[in-house]
Structures are given as C-alpha cells and as structure tokens.
Amino acid sequence: MLILHVLLCFVFLIAMYTFNKKRQKLKLPPGPWQLPFLGYLPFIDAKNPYLTLTALAKKYGPIFGINMGSVYTVVLSDHHIIKQVLVKEEFSGRAPLYLTHGIMKGYGLICSEGESWREQRKFVVKCLKDFGVLKYSCSKREKLEKRISITANEAILKLKEQGCSVDGIDPFHILHHCLGNLINDLVFGITYEETDQTWIMLQKLQDEGLKYIGVAGPLNFLPLLRYLPQYKNMLKFVTDGQKKTHNIYQKIIEDHQNDPKTSDNFLAAFLLELKNRMNTNDISSFAHPQIYYLLADMFGAGVDTTLTTLRWFLLFMALHPEEQEEMQKELEAIIGDQEITLNDRSSLPKLEAAIAETQRIRSIVPLGFPHGSIKDSKICEYDIPKGSMIIPLQWAVHMDSRYWIDPEKFNSKRFLAEDGSLAKPEAFIPFQSGKRMCVGDELARMILLFFTSRILQSFTISSHPNASLDIEGDCGITLSPKPHRLIFKPRLGLRNV
C-alpha cells in the first residue's frame with residue numbers, strides 16, 4: 001500500500017510539472033503568490049471560502065486565477081462577465097472536482113456534462129412544466145398551487161403549536177419536514193409522517209452530507225488526501241450515506257412499480273421514459289444507476305436552497321420588524337385573510353422585494369455552482385486552459401458597493417422602483433445565469449411566495465429580547481443560518497388554517 005501511495009504521488013507531481021510548463025506560455029488572469037503543488041489552497045478560509053475569494057477579487061480585479069491543488073481556478077466577480085461567460089458552450093462543463101467526478105461519477109443533473117447533461121436537463125424541464133411549474137394560469141398550475149398550499153398550511157399549524165412560547169423555537173425542523181414533504185411528493189409521489197424512521201434518516205443523511213461536502217474542500221483538489229485517516233473517515237461517511245440513500249430509493253422504486261399511485265412526480269416520469277426508451281433500444285443517459293443520482297439531485301436541490309432561503313427570510317424579519325409590518329399591511333390590503341394564489345404575485349411587490357433582498361444579502365450558494373472549461377478558450381483577453389474550474393463568485397456580486405448602496409444592510413426597498421413596483425437590478429443573480437442556470441428557479445419562487453405569505457399572514461415574528469441572532473451563517477455547499485430561536489406570535493383576527 002505504501003508503494004502504491006508513493007507511485008501515485010510521483011505521477012501527480014509529474015502531471016503538475018507538465019501542466020505548469022504548458023501554462024507558462026499562456027496569458028493567464030492575474031492572481032496572488034501561491035505554493036508549489038498546493039497553490040492557494042492553504043490560505044483559503046475553510047469556514048468562509050467566499051470571503052477569502054472576495055478579498056482577492058478586490059485586489060486583483062473581476063477576473064483572477066489561482067491554483068487550488070491540482071485544479072486551476074478562475075474566479076469571476078462581475079455580473080457582466082459572469083453572464084457573458086456562462087452562456088458559452090465552452091464553459092458548460094463541470095469543474096474536475098473529486099465530488100463531481102469521483103463521488104457522483106458524473107451522474108444526475110448537477111454533476112453531469114455534455115450530451116448526458118443536455119438530455120437530462122431537457123427531461124427535468126419537461127417534467128416541471130407537466131407538474132404545473134408555469135408562468136401562466138392553468139389547471140396544472142392550480143393543482144401545483146394546492147400541493148404547495150397543503151404543506152405551507154401544515155407548517156402554520158405546527159408553528160402555532162410550538163412557536164409561541166416565550167423562548168420561541170428553531171423553525172428548522174418544522175420547515176424541513178413540511179417543505180421536504182412537498183419535494184417528496186414532487187420527486188417520489190409520497191409523503192412521510194414526521195416520526196417516520198426512513199424520513200428521519202433521509203433528513204439526517206442530507207444535513208450531514210452537506211456539511212462534509214464543500215466546493216472549497218481540500219479533498220476535491222488533492223485526491224491523495226483520501227488515504228489519510230481524517231479524510232478517509234469523512235469520505236467513508238459520505239459514500240456510506242450515498243449507499244444508504246440509494247437503498248432507500250430502490251425500495252421506493254420497487255413499491256412504485258408494484259403499486260403505482262400517482263404519475264405527477266419525477267420517479268414515475270423517469271420510469272415511464274426509461275420504459276419507452278427500452279422499447280426503442282435507446283436508453284442513453286437514462287441507464288442505471290442514473291435514476292438514483294437524479295432523484296437525489298431533485299430532492300436535495302429542491303429542499304436545501306429553498307429551505308435555507310426561507311430560514312434566512314424569517315431571521316431577517318425578526319431583525320427588521322418595521323419591514324415585516326409593511327409586508328403584513330400589504331398582504332392585508334391585497335389578500336385579507338384569504339390564501340394567496342400565484343395570480344396575486346404581481347400585487348405584492350414589497351413581499352417579493354423582501355424575498356429578493358434575502359437572496360442578495362445572504363447568497364445561498366456564495367461561490368455559485370462551479371463550471372468547467374471543456375476546451376482551451378478565453379475570457380476577455382485571458383487564456384483559460386481546458387479543465388479549469390470557473391467560479392461565478394455570487395457573494396462578491398451581491399455585496400459589491402458599486403451596485404448596492406450599503407450592501408451589508410438589509411433593505412428590501414432597493415428592489416422597488418419609484419412607482420412601487422418590483423425592480424430587479426442586473427447585478428442580482430440568485431439562480432445564476434447561462435446554460436446551467438438553476439432549472440428549478442420558478443418552482444423555488446412559487447414555494448417561497450406561498451410559505452412567506454402564509455407565515456406573515458399568521459404570525460408576528462420576533463426573538464427573545466435577550467437573544468443574539470447570528471447572521472454570519474455556516475458555509476458548506478450552501479450558506480445556512482446557525483441554529484437560532486424565533487417567537488411566532490399568532491396574529492389576531494385572521495382565519496385559522
């Protein structure tokens with residue numbers, strides 16, 4: 001085993017030497033001094049990598065380059081450049097990370113590339129439209145509204161039962177269960193009771209996995225670390241969790257095949273597509289084990305980013321009671337004590353502005369979703385080698401004082417035009433942009449609208465006078481609020497759920 005490790009190290013060093021010799025002939029973006037082989041990796045704040053990269057962007061400009069172990073990385077921090085770059089085919093790949101290529105093996109939607117990615121994205125887009133994720137009103141969308149409304153109302157009931165105590169509660173578990181069950185319904189066609197052991201395990205595996213896997217994690221860039229005890233144990237936890245998740249998915253798949261109950265979910269749509277393709281001998285990117293990875297992507301992406309946004313929103317509402325009151329007055333004037341519909345969205349600019357400001361001030365994915373260059377190319381006047389990682393640094397864009405006055409302050413009015421209508425500046429890119437823009441952006445907007453409106457209609461949100469609410473967050477794949485407690489005081493005179 002020791003000899004194998006030595007040989008692997010030798011091959012790695014030779015490859016890095018050859019790569020660096022080739023790069024000496026290129027005009028690369030500017031960047032800081034870095035260590036041989038390790039690059040800038042040791043100097044990146046492991047807990048807040050986006051802050052390190054933002055500081056470098058202020059020093060070296062909107063395009064700079066660093067070595068992150070074996071991966072040459074180009075960081076973009078200007079929204080104009082990000083939009084120009086991410087729309088190009090040559091930057092539609094995924095970064096060569098151990099996460100995407102080693103653990104996920106290029107399956108699913110998030111980690112796939114090339115024709116497989118195009119085929120799977122087209123499939124997902126079609127499914128979402130079939131489920132009612134549409135910008136125009138129709139029977140499909142009305143059915144989806146009811147599905148979202150049911151879970152939002154369940155959250156209201158649970159918050160009423162638990163959230164009005166003097167010390168309040170951390171709403172994470174209630175929101176995770178209710179919003180998670182909505183995504184369970186859309187992905188698998190099933191929902192779970194809160195005490196169901198399978199559901200508890202799935203939630204735990206997701207939460208823990210997100211903590212261990214980060215874009216800036218050293219394991220992504222120095223695969224040899226996986227042989228060291230610390231990283232070996234971490235990798236084992238992630239891969240074991242993946243196996244357990246896939247085993248649960250297989251049981252769900254078998255149950256569905258034996259007794260199909262609904263057809264308006266990703267699982268049913270995938271199995272039908274696979275059956276049709278098998279009849280024509282054209283399985284393509286739908287071949288096993290793609291179904292496990294796609295289901296995991298749809299569930300994980302559907303729950304984590306939306307749940308995190310909702311948690312930040314409630315936290316900032318507690319910190320800014322004057323803005324909360326303005327939105328409640330808007331809801332009273334437009335909705336009264338009725339339930340919101342998607343047709344009401346355009347009449348609620350203050351609520352929409354507060355959601356947008358939440359997405360700006362606490363970018364849920366502060367490093368963006370890294371892309372990869374699939375061939376030698378250029379960004380502006382700089383050469384970008386094939387295999388480079390491209391980071392659209394969302395945090396830097398959303399906190400850039402050139403585009404946002406007092407960017408550290410929560411101010412939803414920055415998203416309102418002079419006439420009071422909703423206005424979204426060009427520097428606002430919460431769902432990224434380009435060819436790999438978040439495929440579920442419209443669904444996320446729908447869910448956030450329903451959950452935030454129903455909660456604000458039902459409660460006044462505050463914190464204990466002696467409580468100190470942390471707004472820095474914890475950064476894994478997403479930037480999530482730290483554990484906190486909020487008080488949900490029922491508002492008088494409003495119709496019960």
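Worth saying up front: this structure is predicted, and the values here are computed from it rather than measured. What's counted below: heavy atoms across the whole structure, side chains too, no hydrogens, waters or symmetry copies.
Residues P218 and L41 share a closest heavy-atom pair of CA-CD2, 4.2 Å. The two residues M446 and L134 make their nearest non-hydrogen contact at CE-O, 3.4 Å. Contact between F450 and I148 at its shortest, heavy atoms only, is CB-CG2, 3.6 Å. The minimum heavy-atom distance linking T306 with A444 is given by the pair OG1-CB, 3.9 Å. Annotation for G108 and Q120: closest pair O-CG, 4.2 Å, computed over non-hydrogen atoms. The heavy-atom pair separating V365 from T305 by the smallest distance is CG2-CG2, 4.4 Å.
Comment: K244 does not engage D240 in a salt bridge, judged by the lack of any side-chain N to carboxylate O separation of less than 4.0 angstrom. Using a 4.0 Å cut-off between charged nitrogen and carboxylate oxygen, E442 and R345 count as a salt-bridge pair. Using a 4.0 Å cut-off between charged side-chain N and carboxylate O, D78 and R402 make a salt bridge. A salt bridge is defined here as a Lys NZ or Arg NE, NH1 or NH2 lying under 4.0 Å from an Asp or Glu carboxylate O, and K126 with E273 fails to meet this definition. A salt bridge links R118 and E89; the closest N-O separation between the charged side-chain nitrogens and carboxylate oxygens is under 4.0 Å. Using a cut-off of 4.0 Å between Lys/Arg side-chain N and Asp/Glu carboxylate O, D376 and K386 are scored as not salt-bridged.
At a cut-off of 3.5 Å, with distance as the only test, a side-chain donor of E119 or S285 sits close to an acceptor on the other residue. Under the 3.5 Å distance criterion, with hydrogens and angles disregarded, a donor-acceptor pair is assigned to the side chains of H371 and Q432. Side-chain atoms of Y50 and Q394 include no donor-acceptor pair closer than 3.5 Å.
Between the side chain of D383 and the backbone N or O of K27 there is at least one donor-acceptor pair closer than 3.5 Å. The backbone N or O of L479 sits nowhere less than 3.5 Å from a side-chain atom of R362 that would complete a donor-acceptor pair. In this structure, R436 contributes its side chain and I110 its backbone to a donor-acceptor pair below 3.5 Å. No donor-acceptor pair under 3.5 Å is formed between the side chain of T54 and the backbone N or O of L51. In this structure a side-chain-to-backbone donor-acceptor pair under 3.5 Å is present from D470 to G473. In this structure a side-chain-to-backbone donor-acceptor pair under 3.5 Å is missing from S412 to E357. One N or O on the side chain of S373 and one on the backbone of P385 form a donor-acceptor pair closer than 3.5 Å. With hydrogens and angles disregarded, no donor-acceptor distance shorter than 3.5 Å links the side chain of S388 to the backbone of T73. Within the 3.5 Å criterion, the main-chain N or O of G93 finds no donor-acceptor partner in the side chain of E113. The main-chain N or O of P32 is never found under 3.5 Å from a side-chain atom of K59 such that the two would form a donor-acceptor pair.
Counting non-hydrogen atoms of neighbouring residues, nucleotides and ligands closer than 6.0 angstrom, the NZ atom of K105 exceeds 12 such neighbours. The environment of M278 atom CE is sparse: at most 12 non-hydrogen atoms of other residues, nucleotides or ligands sit within 6.0 angstrom. Other residues, nucleotides and ligands place more than 12 heavy atoms under 6.0 Å from the CD atom of E322. Under a cut-off of 6.0 angstrom, the local environment of CD in E115 is crowded, with over 12 non-hydrogen atoms contributed by other residues, nucleotides or ligands. Within 6.0 Å of atom NE2 in H173, 12 or fewer heavy atoms from other residues, nucleotides or ligands are found, so the atom counts as exposed in its surroundings. Heavy-atom contacts from other residues, nucleotides or ligands closer than 6.0 Å to NZ of K58 number 12 or fewer.
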*What's the verdict on side-chain contact (heavy atoms from CB on, under 4.5 Å) for D264 and D130, showing C-alpha distance, side-chain angles and the deciding distance?*
CA-CA 8 Å; D264 51 355; D130 288 342; over 6 Å; no
*Steps toward side-chain contact (heavy atoms from CB on, under 4.5 Å) verdict (Y136, R141)*: CA-CA 8 Å; Y136 57 87; R141 196 176 81 165; 5.6 Å; no
*Show your working on side-chain contact (heavy atoms from CB on, under 4.5 Å) between L443 and F131 and close with a plain yes or no.*
CA-CA 10 Å; L443 176 61; F131 301 161; over 6 Å; no
*Give the intermediate values and the outcome of side-chain contact (heavy atoms from CB on, under 4.5 Å) for residues H484 and R311.*
CA-CA 10 Å; H484 58 275; R311 292 177 68 206; 4.1 Å; yes
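The distance between the ring centers of W404 and F415 falls below 6.0 angstrom. Ring centroid separation for the pair F286 and F123 comes in under the 6.0 Å cut-off. Ring-centre distance between Y403 and H398: not below the 6.0 Å cut-off.
No side-chain heavy atom of I405 sits less than 4.5 Å from a side-chain heavy atom of N411. Taking the side chain as every heavy atom from C-beta outward, M298 and L186 never approach each other to under 4.5 Å. Residues M68 and I44 have side chains in contact (heavy-atom distance under 4.5 Å, counting atoms from C-beta outward). Two residues are said to be in side-chain contact when any heavy atoms from C-beta on lie closer than 4.5 Å; T358 and F410 meet this criterion. Using a 4.5 Å heavy-atom threshold, the side chains of I361 and P407 count as separate. Put simply, the side chain of N184 reaches to within 4.5 Å of the side chain of F299, judged on heavy atoms. Counting heavy atoms from C-beta on, the side chains of N220 and V71 never come closer than 4.5 Å. P483 has its side chain out of reach of F172: every pair of non-hydrogen atoms, C-beta onward, lies at least 4.5 Å apart.
Considering V397, I379, L86 in turn, I379 is the only one that fulfils the side chain to side chain contact (heavy atoms under 4.5 Å, CB included) rule with I81.
Ring-plane geometry between Y292 and H288 is classed as perpendicular, the angle between the planes exceeding 60 degrees on a 0 to 90 degree scale with a lower cut at 30.
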